[in-house]
There are 2 protein chains.
Amino acid sequence: MMGSDDENAALSSEPLYNPDLLRLDFSQIKTKFDPPISPSEPGEALIVRPLCPADYDKGFVQLLSQLTKVGNISKDQFLRRYTTMKACPNTYYVTVIEDTRSSHIVGSATLIVEQKFIHECAVRGRLEDVVVSDDYRGKQLGKLIIMTITLLAQHLNCYKITLDCKDRMIPLYTGLGYKLEQGGSNYMQIRFDNKKPFKL
Amino acid sequence: MMGSDDENAALSSEPLYNPDLLRLDFSQIKTKFDPPISPSEPGEALIVRPLCPADYDKGFVQLLSQLTKVGNISKDQFLRRYTTMKACPNTYYVTVIEDTRSSHIVGSATLIVEQKFIHECAVRGRLEDVVVSDDYRGKQLGKLIIMTITLLAQHLNCYKITLDCKDRMIPLYTGLGYKLEQGGSNYMQIRFDNKKPFKL
């Protein structure tokens with residue numbers, strides 16, 4: 001759909017979710033930040049906000065490739081995925097950290113809110129796809145984005161938030177309040193491979 | 001909205017997702033069923049199908065309470081939750097096994113399809129809330145519903161399907177093809193408690 005430059009600019013900076021949700025009270029959390037930072041004050045020239053369509057041109061895909069295999073995603077593919085995420089109300093909270101000096105995305109994490117019938121039709125949060133650019137280590141941005149998603153999940157009334165991780169990440173997440181339940185903390189998977197039909 | 005009896009009946013049996021998706025080819029899977037059963041032939045008087053609104057009156061909530069704490073869910077709450085799940089396209093595949101002799105739901109599992117940017121804007125499946133009624137053990141219904149969700153995920157082009165489970169369930173899922181990655185299979189959580197504000 002062709003629109004004016006102003007319309008296109010407005011569309012491209014439209015947030016995936018309501019940015020007001022990121023006004024989270026970091027003053028009460030046990031995790032100490034030194035120097036103190038928060039989603040509203042993440043550090044000089046940095047901002048924490050929802051993903052928007054323009055982030056394709058701000059290095060969002062390149063950042064994700066520091067996390068895992070991303071492949072070549074065209075702008076069209078990105079915008080289609082953005083649109084289908086947005087079409088699921090109250091589900092996808094892809095959150096980014098932007099360095100406004102370079103207009104580049106330097107960190108990201110996602111809260112997925114899953115609807116349940118159990119626990120009186122509760123919602124449950126999941127922390128996914130946490131990544132901070134190699135060039136931005138040592139600024140507490142990993143802790144910041146993880147605690148942002150965690151408080152957001154609490155704010156959205158999730159009865160719990162969960163994540164899956166490798167052994168080496170357990171100390172980090174334990175330090176942020178996450179727990180490994182004795183005898184109850186296994187993550188299992190089947191990876192499908194389209195090149196050879198998976199023989200289940 | 002008030003409608004005729006016919007309209008209400010039609011609405012109440014409307015499936016959460018397209019039942020044609022359950023025409024899955026079980027003939028090629030490694031997991032052996034003895035006697036052989038499948039989603040289209042799950043056993044005498046049994047059917048495997050998507051959840052529908054009428055399932056509130058067929059014991060769906062009571063079945064879930066065999067899995068975990070459900071609480072008292074009114075029909076209204078159930079229908080609201082059903083509606084909000086349905087409002088998320090291509091996401092919630094709550095699947096039930098009904099005993100048509102008693103018109104009761106005797107088993108259930110859910111496939112959640114999560115959208116990603118990674119892996120070329122892939123989708124990823126999750127197996128959640130698996131439960132078979134105590135009275136229906138020994139009929140392979142647990143294996144059936146798990147393999148149904150697993151093949152459905154593959155059919156929907158998920159690049160992987162994952163689950164979280166307690167230690168004692170590992171042998172069952174390993175037997176069905178799920179893998180525990182060495183050093184990479186930890187599930188962590190924070191449970192929020194609204195009675196006392198969670199001090200993160």
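Shown here is Arg23(B), whose CZ atom has no more than 12 heavy atoms of other residues, nucleotides or ligands within 6.0 Å. Counting non-hydrogen atoms of other residues, nucleotides and ligands closer than 6.0 Å to CG of Asp25(A) gives a total above 12.
Scanning both residues, Leu176(B) and Ile190(A), for their nearest heavy atoms gives O-CD1, 4.0 Å.
A single hydrophobic cluster is not seen to contain both Tyr187(B) and Val130(B); linkage of ILVMFWY side chains at heavy-atom distances under 4.5 Å, directly or through other members, places them apart. Ile47(B) and Ile149(B) are not part of a single hydrophobic cluster, where members link through side-chain heavy atoms under 4.5 Å apart.
Side-chain contact between Glu128(B) and Glu114(A) is present, with at least one heavy-atom pair separated by less than 4.5 Å.
Heavy atoms closer than 4.5 Å to chain A are found nowhere in Gln182(B), neither backbone nor side chain. Both the backbone and the side chain of Thr84(A) have a heavy atom closer than 4.5 Å to some heavy atom of chain B. Using a 4.5 Å cut-off between heavy atoms, Leu180(B) touches chain A through backbone and side chain atoms alike. Looking at Phe78(B), the atoms closer than 4.5 Å to chain A (heavy atoms on both sides) sit in the backbone and in the side chain alike. Residue Asn90(B) does not touch chain A at all, counting heavy-atom pairs closer than 4.5 Å.
Within residues 159-175 of chain A, the residues having any heavy atom under 4.5 Å from a heavy atom of chain B are, by residue number, Tyr159(A), Lys160(A), Ile161(A), Thr162(A), Leu163(A), Asp164(A), Cys165(A), Lys166(A), Asp167(A), Ile170(A), Tyr173(A), Thr174(A).
Side-chain N or O atoms of Arg81(B) include one that pairs as donor or acceptor with a backbone N or O of Cys121(A) at under 3.5 Å. Without hydrogens or angle criteria, Ser185(B) side chain to Met188(A) main chain gives no donor-acceptor distance under 3.5 Å. Without hydrogens or angle criteria, Gln154(B) side chain to Phe192(A) main chain gives no donor-acceptor distance under 3.5 Å.
In summary, of the residues considered (Lys179(A), Glu181(A), Arg124(A), Arg126(A)), a side-chain hydrogen bond (donor to acceptor under 3.5 Å, both in side chains) with Gln189(B) occurs for Glu181(A) alone. Checked against Phe117(A) for a side-chain contact (heavy atoms from CB on, under 4.5 Å), the options Leu51(B), Thr110(B), Asp129(B) give a single hit: Leu51(B).
Counting heavy-atom pairs under 4.5 Å between each of Glu120(A), Lys116(A), Gln115(A) and chain B puts Gln115(A) at the top. With respect to chain B, the highest number of heavy-atom pairs below 4.5 Å among Cys88(A), Ala122(A), Gly71(A), Pro89(A) belongs to Cys88(A). Between chain A and the options His119(B), Gln77(B), Arg80(B), heavy-atom pairs under 4.5 Å are most frequent for His119(B).
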